[in-house]
Amino acid sequence: MRKFLLSLLVLAVGLVSSGCHDEIIHKIDELEDRVDDLTLLCNQLNQNLSTLQNLVEVIQRQDMINGITEIRSGSTVTGYRLEFVQHEPITIYNGSDGKKPLIASRQYTDRNFYWAVQYGDGDWEWLLAVDGSMMLSIGVLPYVTIRNGMFAYTFDGSNYIELGKADGENGDQMFKSIVVKPDCVVIVMATGEEYKIPIYAAYLSLKSEMNLANIHVDAQVQLVQATQESLTWITAIDPILDGADTTGLTVSLSNGKQFSIHDWTSTLSPAIFIKADSDGHLYWAYTIGLSPEMWVLSPEGKKISAESESVETPLVSIQQDTDGNFYWVVISQDSTEFLRTKVDERWQPTAVDSVRSIFTSVQDYTDSLVVVLKNNTRFVLPKQYSVYFSDTLGNPVVNTFSMKENSQAEIRYRVHGSNPSLSLLTQGGFTATASVAEGGEPCIIVKSPYHINAGQGKIVAVFTFPGEVSPVTIVKSIAITKQ
């Protein structure tokens, strides 16, 4: 273009003065610089449009960031190179200037993203195809150029639609700012819209918490079922180790099932637990931080039983919503419920008021494991080769038992292990005989003498279990007192 303009000057060189010649050359240089600037602006704008289209595609596919590299100019961070789990890397410059017109991807009422444009201080308008339809941001990319001194765009390379005069004045920024957070990258557009893209490492951490929460849900299911099955007992308790540290227990049951409890002193996952209602039955509930306890509800709004094996157990999960954030949810009976800290406020994993434990106490005793939940619900699981005594009303008999003189009483017992033999020893004039109660439960028939001397009545029961390696003997002693 410069050669063409100079050739015109050669024709007129004899007609103008030297001063006029210099002024014309200066005007031509300004015009060329203006054209070069506008061309460069179009190139930058088209590059930004391509970047924006890639961002929308990443968000629509719910991809995640797998790596972030800062782009610096000296000591100043001017942008970021974002690497993704699936998508090709994208480079975004922090607050890079755009020019008129400002083209962006905006979300419509159907929740899809479409191309839109704002020229100067005018209103936002949708970029339209030749047939007048709106164009999705995923798919066809608009191309911006200058035609007849006007900004124009095209989707097909043939049909151009003018936007406004290409005056080259400064416009708004396309990318206003980029903020890197621990769990996501927030890209703020000049339109005020925000694109939130989760960081993959943070997502994996959330999945770990989710898996831990579901392990604890399963542990509670096994505790309920085992205590309802009177013949279920613990066959083994093994520590869960992290190096030299014990971080939990794995419990094996006689019904062939197992459950694990990990570090019951704290957890960052939702506290989903079993709770007794006023009707005396157990249901699933949850709490968030220090928020009140709430029932897990079915799609019909009913509490979900924790006592029936036929009822689906609620599971904890994480779900990304349309705002780009992850939230804790509970899935039960084919429905998904967002866990909430307050009314209509969903719970983000990064917004925990404080840590709450599901298991407040886990005590490993010689003959049993006692587990207490955060709401004081208590489970007692007997261990293998253990024996428990009770009276005819089901009240436990631990160390003493009262009888009238010259009477007969029944002490029932329950053993946890494989068919032990029983030997009985007595003193103080009492007699004891192994028998079977009316309901089929094993018992000991005790007869008292005509006179009971204080401190002399005693029954010693010796249970011998055929152990896997050698016999296991358990001795139970009960003192008999006068009623």
Whether His216 and Phe359 hold their rings parallel, tilted or perpendicular, with breakpoints at 30° and 60°: perpendicular
Over all atoms of both residues, closest heavy-atom pair of Leu422 and Ala461: CD1-CB, 3.9 Å
Phe465 side chain reached by Ile474 side chain, heavy atoms, under 4.5 Å: yes
Residues, nucleotides or ligands: over 12 heavy atoms within 6.0 Å of Tyr200 OH: no
Between Trp126 and Tyr108, ring centroids under 6.0 Å: yes
Closest non-hydrogen atom pair, Asp279 against His281: OD1-N, 2.9 Å
Candidate pair Ser252 and Thr235, rule side chain to side chain donor-acceptor pair (under 3.5 Å), full reasoning: CA-CA 6 Å; Ser252 300; Thr235 58; 4.8 Å; no
Side chain to side chain, Met64 and Ile199, heavy atoms closer than 4.5 Å: no
Chi angles and distances behind the side-chain contact (heavy atoms from CB on, under 4.5 Å) call for Ile197, Leu55: CA-CA 9 Å; Ile197 306 176; Leu55 277 177; 3.8 Å; yes
side-chain contact (heavy atoms from CB on, under 4.5 Å) evaluation trace for Leu369 with Gln363: CA-CA 6 Å; Leu369 180 72; Gln363 298 293 330; over 6 Å; no
Trp284 vs Val217 side-chain heavy atoms within contact, under 4.5 Å: yes
Interatomic distance, Ile445 atom CD1 to Thr431 atom OG1 [nearest 0.5 angstrom]: 10.0 Å
Spacing of CD belonging to Gln456 relative to OG1 belonging to Thr481, to within rounding of 0.5 Å: 13.5 Å
Whether Ser305 side chain and Glu307 backbone form a donor-acceptor pair below 3.5 Å: yes
Side-chain touch Lys275/Tyr283, heavy atoms, less than 4.5 angstrom: no
Ile459 vs Leu425, side-chain contact (heavy atoms from CB on, under 4.5 Å): CA-CA, chis, key distance, verdict: CA-CA 6 Å; Ile459 297 174; Leu425 303 174; over 6 Å; no
Flag, side chain of Trp233 to backbone of Ser368, donor-acceptor distance under 3.5 Å: no
Atom pair CG (Leu249) and CD1 (Ile234), whose distance is rounded to the nearest 0.5 Å: 9.5 Å
Centroid-centroid distance, His416 to Tyr388, less than 6.0 Å: yes
Reported CZ-to-CD1 distance for the pair Phe430 and Ile452, which is rounded to 0.5 angstrom: 4.0 Å
Centroid-centroid under 6.0 Å between Phe463 and Tyr385 rings: no
Salt-bridge contact Asp277-Lys303 (side-chain N to carboxylate O under 4.0 Å): yes
Side chain proximity check, Tyr286 to Glu293, heavy atoms < 4.5 angstrom: no
Side-chain ion pair, Lys257 and Asp218, N-O less than 4.0 Å: no
Aromatic plane relationship, Phe113 with Tyr195 - under 30° parallel, 30 to 60° tilted, over 60° perpendicular: tilted
Contact check, side chains of Phe84 and Ile90, non-hydrogen atoms, under 4.5 Å: yes
Atom pair OH (Tyr114) and OG (Ser105), whose distance is rounded to the nearest 0.5 Å: 10.5 Å
Donor-acceptor contact present, side-chain Asn406 to main-chain Pro449, <3.5 Å: no
Main-chain N/O of Leu373 paired with Thr377 side-chain donor or acceptor, under 3.5 Å: no
4.5 Å side-chain heavy-atom contact, Val185 and Ile187: yes
Check: Lys458 and Ser477 side chains under 4.5 Å, non-hydrogen atoms: yes
Atom of Ala285, atom of Trp295 and distance for their closest heavy-atom approach: CB-CE3, 3.9 Å
Asp391 side, atom CG; Cys443 side, atom SG - distance, nearest 0.5 Å: 12.5 Å
Thr360 (side chain) donor-acceptor with Val372 (main chain) under 3.5 angstrom: yes
Minimum-distance pair of heavy atoms, taken over all atoms of Ser448 and Lys404: OG-O, 2.7 Å
Derivation of the side-chain contact (heavy atoms from CB on, under 4.5 Å) call for Val58 and Val56: CA-CA 5 Å; Val58 164; Val56 173; over 6 Å; no
Side-chain (Ser386) to main-chain (Lys383) donor-acceptor, under 3.5 angstrom: yes
Exceeds 12 heavy-atom contacts within 6.0 angstrom, atom CG of Asn419: no
Verdict with supporting geometry, Asp245 and Thr247, side chain to side chain donor-acceptor pair (under 3.5 Å): CA-CA 6 Å; Asp245 298 327; Thr247 61; over 6 Å; no
Over all atoms of both residues, closest heavy-atom pair of Thr232 and Ser254: CA-OG, 3.4 Å
Side-chain (Gln53) to main-chain (Ser137) donor-acceptor, under 3.5 angstrom: yes
Residue pair Gly132 / Leu128: nearest heavy atoms and the distance that separates them: O-CD2, 3.6 Å
